[in-house]
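I have placed the structure first, in the form of structure tokens, so that the comments after it can refer back to it.
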Amino acid sequence: QRAEGYERELQEVRGSLMGQLQLAQQEIEDHIAGKKDLSRKEAKLLEELSETKTNSDLRIGEMNEKYSQELKQLDAEYKKKLEAEVGKIESKLNESLARQEAMKTRETELAKLLSQLEKASEKDRENYSLRVEEVRKQHTSEIDDMLSQLDLLEAEHKDRTHTLEQAVSHKDTVISALGTQLAEAN
């Protein structure tokens, strides 16, 4: 915006100078046409023109200097702002990288922990399977022992029953014989 302002001022100065030049030219033409004291007015006009040109050159130089200084100032301000923004961006980037690194570390830790848990779980599963197998074998052995004892008890019971049946049969025979003898004796 400042540059546009200077550009407008330069255009105005140039326009003013062009106007003055046109006026000067018109006066010169009028003087030539009227053939009046041409040399004096011409000298005066040349002097005024030279003076105006010198003033204009000085003013343009001052404006260029002012414009250059303001451009330098704007450039310095822009560089400061740019450096501040770059600093903020770098800070945010560093924070983001630190968070990513922390997340990677945490992810690695979690992967190790998961691996340990999986190994422990597998070991527990194996121990459980072994324990179940041991209990199954133990129960099978105990059941076999109980069946053997039951077989022995059954055999013993059969023997007793057989012995008792024989004793009862023998007693029935004796009672029958006694009953026969009593019946005969009566």
Side-chain angles (χ1 to χ4, degrees), residues 1-13 60-186:
Q1 289 178 354
R2 289 181 184 172
E4 290 175 6
Y6 290 127
E7 204 53 46
R8 271 188 257 132
E9 277 186 50
L10 285 174
Q11 291 296 332
E12 288 172 11
V13 168
I60 289 171
E62 289 172 359
M63 288 174 62
N64 280 337
E65 180 65 30
K66 185 178 177 182
Y67 177 71
S68 294
Q69 287 175 353
E70 287 185 10
L71 279 177
K72 286 177 184 176
Q73 183 181 0
L74 288 173
D75 189 43
E77 289 174 9
Y78 173 75
K79 284 181 181 178
K80 284 181 184 179
K81 287 180 182 179
L82 182 64
E83 287 173 1
E85 288 300 316
V86 167
K88 287 178 187 177
I89 291 170
E90 285 176 348
S91 175
K92 287 180 182 179
L93 181 63
N94 289 336
E95 288 174 10
S96 177
L97 290 174
R99 273 188 255 131
Q100 284 179 350
E101 191 62 35
M103 287 174 62
K104 284 180 184 178
T105 302
R106 183 66 179 147
E107 189 177 291
T108 303
E109 290 171 359
L110 289 174
K112 286 179 183 178
L113 182 60
L114 180 61
S115 176
Q116 290 172 352
L117 289 173
E118 286 174 346
K119 287 177 183 177
S121 176
E122 185 63 31
K123 188 175 180 181
D124 287 346
R125 233 181 273 125
E126 288 173 6
N127 287 338
Y128 176 75
S129 296
L130 289 173
R131 183 71 181 133
V132 167
E133 190 60 33
E134 287 175 8
V135 168
R136 189 176 288 141
K137 285 179 183 178
Q138 184 180 2
H139 285 176
T140 303
S141 174
E142 288 174 0
I143 290 171
D144 287 344
D145 287 346
M146 290 174 101
L147 285 174
S148 295
Q149 289 175 3
L150 282 174
D151 287 343
L152 287 174
L153 229 111
E154 184 183 14
E156 188 179 309
H157 181 66
K158 280 184 181 178
D159 279 350
R160 274 192 199 161
T161 304
H162 182 65
T163 305
L164 285 173
E165 284 176 354
Q166 284 180 348
V168 168
S169 175
H170 177 33
K171 287 182 182 177
D172 279 343
T173 307
V174 168
I175 290 174
S176 206
L178 283 176
T180 308
Q181 286 177 355
L182 266 172
E184 288 178 3
N186 278 342

Quiz prompt | Exceeds 12 heavy-atom contacts within 6.0 angstrom, atom CD of E107 | solution =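 12 or below, so no.
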Look at [X] together with [Y] and state whether they make a salt bridge at an N to O cut-off of under 4.0 Å.
X	Y	value
E83	K80	no
E126	K123	no
R160	E156	yes
K137	E134	no

Roughly how far, to the nearest 0.5 Å, is the [atom2] atom of [Y] from the [atom1] atom of [X]?
X	Y	atom1	atom2	result
E133	T140	CD	OG1	8.5 Å
D172	E165	CG	CD	11.0 Å
N94	I89	CG	CD1	12.0 Å
L150	I143	CG	CD1	11.0 Å
H162	D159	NE2	CG	8.0 Å
E95	L93	CD	CG	10.0 Å

Using a 3.5 Å distance criterion without hydrogens, assess whether the side chain of [X] forms a donor-acceptor pair with backbone atoms of [Y].
X	Y	result
S115	A111	no
S129	R125	yes
T161	H157	yes

Quiz prompt | Chi angles and distances behind the side-chain contact (heavy atoms from CB on, under 4.5 Å) call for T108, K112 | solution = CA-CA 6 Å; T108 303; K112 286 179 183 178; 4.0 Å; yes
Self-check item: Partner residues of E85 under the salt bridge (charged side-chain N to carboxylate O under 4.0 Å, His left out) criterion, sequence neighbours left out
Solution: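 Residues passing salt bridge (charged side-chain N to carboxylate O under 4.0 Å, His left out) with E85: K88.
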Self-check item: Stepwise side-chain contact (heavy atoms from CB on, under 4.5 Å) test for Q149 and L153
Solution: CA-CA 6 Å; Q149 289 175 3; L153 229 111; 5.6 Å; no
Exercise. Could you check Q69 against Q73 for side-chain contact (heavy atoms from CB on, under 4.5 Å), going step by step and ending with a plain yes or no?
Key: CA-CA 6 Å; Q69 287 175 353; Q73 183 181 0; over 6 Å; no
